[in-house]
Amino acid sequence: MDVRVCEVTTKFGRSALSSAVLLAAVFVLASAYTATGGSSRDLLVDEMLTNLMLVVGMQVFIGNTGVLSFGHMAFAQVAAYATAVVAIPVVEKTKALPDLPFGLADVHFGPAGSTAFAIAVTLVVGATIGIVICRASGLAPTMITLAALFVVDQLVKNWKELTRGAGGLSGIPQQSVLWLWGGALVALVVAHVFQEARIGRFAIATREDALAAPALGIRLFTSRYAAWVVSMGVIALAGSLRAQSLGSVNPKQFTLDSGILILVMLVVGGMRSLSGAVLGAVLITAGTELFRQLGDPQRLDIERFPDVFLGGTMLLVMLLRPDGLLGDRDFGGWLRRRMTRRSDVTTVAPVSTGAALEATDITVRFGGFVALDGAGIRVGPGEIVGLIGPNGAGKTTLFNVITGLVEQQRGRIRLGDLDLSEATPVEVARAGLARTFQNLRLFNNLTVRENVALSALVAERHRSHRPPVNIDELLEDAGLAEFAHRRAATLDYGNQRRLELARATALAPEFLLLDEPTSGMSDTESLAMVDRARAAAARIGAGVLVIDHDLGFITRISHHIVVFSEGRMLAEGSPADVRANPLVAAAYLGSQA
């Protein structure tokens, strides 16, 4: 069997198993609950299952991208009404909706057809709006989703020819609870498969750090949009099955309050965990019903008692477990780590492309301040060049220009014959420049191995002309093998620096750009970093451009040193030549000269 086919089969099997185990746990609890009760308990289980699907749909987008949405219920409402207009028998539809547009008056589908139609309509509507949402940044995406909720609500209430207005629609053939159980299983499998897929893992990277992800060649829009579209599919499934479970649809079922209730379930269980989403759906559905009964006039006579429960639960969780009850703990993630095999990629000696990295005549102004004034640098293939200079000399600005984070007013950047002068960070990374940051930018909630594997995934797709890297060998070279399954945030500072180097190396770049890799390190750690950086570059056949304030580190690691001062090149040469240069002594070394 082809290796790729085998890998896909393994991932799907793992996703199906994770989903089945979670749903089996819910089934056991539901069976125990309904065993001694009446029909009202069965109805609560039905509600819990639709809530579970809605929470999972939200988790696919919110949990994987970190972008908050208040508008998912709008698209569940679109799906519910789309289901109604094709599921209600033609005779009843003629009475309720005599002026039904789009030729839908004579259309009638069974439960499967109605669900498929609803998902298709919702995907079209949701995917269109999602383009705007996923291109926006900051608070804007959240506000756009909220606006979508209000717009859909008003359309439903006022487009009476299609929806019958605020009164809602009834007469939808009701389906058995087996449809809800099947829908819940499908929703969980889809969500797990998305997290296992390359694009899903890229979406998670954008959640962790929206600056570091593009620097590894991951597009923010593409990965977030994929998460949004998959989320729409799951939400549509939930909305359609809710309508078929109740036999009716009404705008009151999809208000902002109901959306916040679903969001509370996600927050309480843990946004980043599908297991948490399931736990939150079960706990909040059961707790809300319990407090509704306790608040009944025959008991405590407390008005809106379920709201007290929701508010109290949120407060306690935010104080005691800010990441949710399960945080990052997820059965699917645990199963994935248990089933992860040692990388079997064969290490192949890289062949240099002979391409040099050149930045010439770079000028950058921030208002009236000139950060770079005709600066330039050249790094030959396989060469290690150190860039030094006093604070404010423009070193990091040059790095940011080369990697597409800062736009220059003048100058050219070339990698061999490739012009990167106007390239985005994603294009720069995919072209073969991998960087680290002055301030650590790891994917803190991912494991050490997952951090490195993300770069390897980008390299597999966009750097396939370079020999692939062996993830486990990189971790061993970095001294991180024993920490492979620990979250990056739990590492000490020195190991985090080494992890950032390993992650950049996994991209299989032509050049590594290291921004103060020994910042905050002791002398011993700094000495060790020399060997690790050299070994990493040698393993992938890459040149290195490195900034550091530690002159000892720079002179030990570099073949050639360039000195910047006030945005210009002051001097360059071998480490010995630079040390002996009186201009460098005056501008940079001071009394140490």
Side-chain angles (χ1 to χ4, degrees), residues 7-27 48-65 67 69 72-73 75-76 78-80 82-83 111-112 114-127 130 134 178-204 207 222-242 244 262 265-266 269-281 330-333 335-336:
E7 182 181 352
V8 170
T9 303
T10 300
K11 288 180 178 180
F12 181 80
R14 195 159 55 215
S15 299
L17 178 59
S18 301
S19 303
V21 169
L22 289 176
L23 202 60
V26 175
F27 179 78
M48 182 266 296
L49 289 171
T50 56
N51 286 345
L52 188 153
M53 285 184 277
L54 290 167
V55 175
V56 169
M58 280 193 174
Q59 196 280 333
V60 170
F61 180 68
I62 299 175
N64 291 322
T65 68
V67 179
S69 167
H72 269 63
M73 292 301 281
F75 303 97
V78 169
T83 299
S114 300
T115 304
F117 177 78
I119 293 173
V121 170
T122 307
L123 282 175
V124 170
V125 175
C134 295
L178 291 177
W179 280 85
L180 294 177
W181 284 107
L185 179 61
V186 169
L188 284 169
V189 170
V190 168
H192 276 113
V193 167
F194 180 75
Q195 284 192 343
E196 291 267 9
R198 183 196 312 268
I199 192 67
R201 293 166 74 178
F202 288 171
I204 292 171
R207 176 196 75 194
T222 304
S223 51
R224 287 178 175 174
Y225 187 64
W228 174 265
V229 171
V230 174
S231 176
M232 289 297 99
V234 177
I235 285 289
L237 176 65
S240 177
L241 292 183
R242 169 174 277 190
Q244 295 181 71
I262 301 299
M265 296 177 185
L266 182 58
M271 284 191 179
R272 297 191 295 267
S273 164
L274 275 170
S275 299
V278 173
L279 177 64
D330 182 68
F331 179 74
L335 194 62
R336 183 165 55 250

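Residue indices begin at 1 and follow the sequence shown. Note that the structure is a prediction, hence the values are computed from the model and not measured. All values below were derived from every heavy atom in this structure, side-chain atoms included, with hydrogens, water molecules and symmetry-related copies excluded.
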* Is any side-chain heavy atom of M265 closer than 4.5 Å to a side-chain heavy atom of M58? -> no
* Any idea which heavy atoms bring S114 and S240 closest together, and the distance? -> O-OG, 4.2 Å
* Closest non-hydrogen atom pair between S18 and G332, with its separation -> OG-CA, 3.4 Å
* Asked: Just wondering, do S275 and L22 contact through their side chains at under 4.5 Å, heavy atoms?
  -> yes
* Structure fact -> side chain to side chain contact (heavy atoms under 4.5 Å, CB included) filter on S19, not counting sequence neighbours, yields L185, L188, V189, H192
* To do: For C134 and W228, work out which heavy atoms get closest and say how close.
  => SG-CB, 3.9 Å
* Check for a donor-acceptor pair, side chain of N64 on one end and backbone N or O of I204 on the other, with a separation under 3.5 Å. => no
* Residue pairs, two or more places apart or on separate chains, that pass salt bridge (charged side-chain N to carboxylate O under 4.0 Å, His left out) and touch residues 9-27 -> E7-K11, R14-E196
* Asked: Which value, rounded to the nearest 0.5 Å, describes the distance between S231 atom OG and Q59 atom CD?
  -> 9.0 Å
* L266 CG to I262 CD1 distance, which is reported to the nearest 0.5 Å -> 10.0 Å
* Between CD1 on residue I119 and CZ on residue F75, distance to nearest 0.5 Å -> 15.0 Å
* Structure fact -> By side chain to side chain contact (heavy atoms under 4.5 Å, CB included), V67 pairs with (sequence neighbours left out) F61, T65, P141, R224
* Separation of M232 CE from T122 OG1 (nearest 0.5 Å) -> 8.5 Å
* **side-chain contact (heavy atoms from CB on, under 4.5 Å) between R201 and F194, worked out** => CA-CA 8 Å; R201 293 166 74 178; F194 180 75; over 6 Å; no
* **Contacts of F27 that satisfy ring-ring contact (aromatic ring centres under 6.0 Å, His included) - sequence neighbours left out** => W181
* Asked: Roughly how far, to the nearest 0.5 Å, is the CD1 atom of I235 from the CG atom of L123?
  -> 11.5 Å
* Could you pull out the closest heavy-atom pair between A118 and A82, with the gap in Å? => CA-CB, 3.9 Å
* Go through the structure and list residues passing side chain to side chain contact (heavy atoms under 4.5 Å, CB included) with A184, not counting sequence neighbours. => L23, L49, L52, M53
* Asked: Got R242 and N51 here, is their nearest side-chain heavy-atom distance under 4.5 Å?
  -> yes
* By side chain to side chain contact (heavy atoms under 4.5 Å, CB included) - contacts of A25 (at least two apart) -> none
* Asked: Hey, does V60 have a side-chain heavy atom less than 4.5 Å from the side chain of Q195?
  -> no
* Any side-chain donor near an acceptor of the partner, T83 and Q244, under 3.5 Å -> no
* Does any N or O in the side chain of D330 come within less than 3.5 Å of the main-chain N or O of L274, such that one atom is a donor and the other an acceptor? -> yes
* Asked: How long is the gap from OG on S15 to CG on L335, to the nearest 0.5 Å?
  -> 9.0 Å
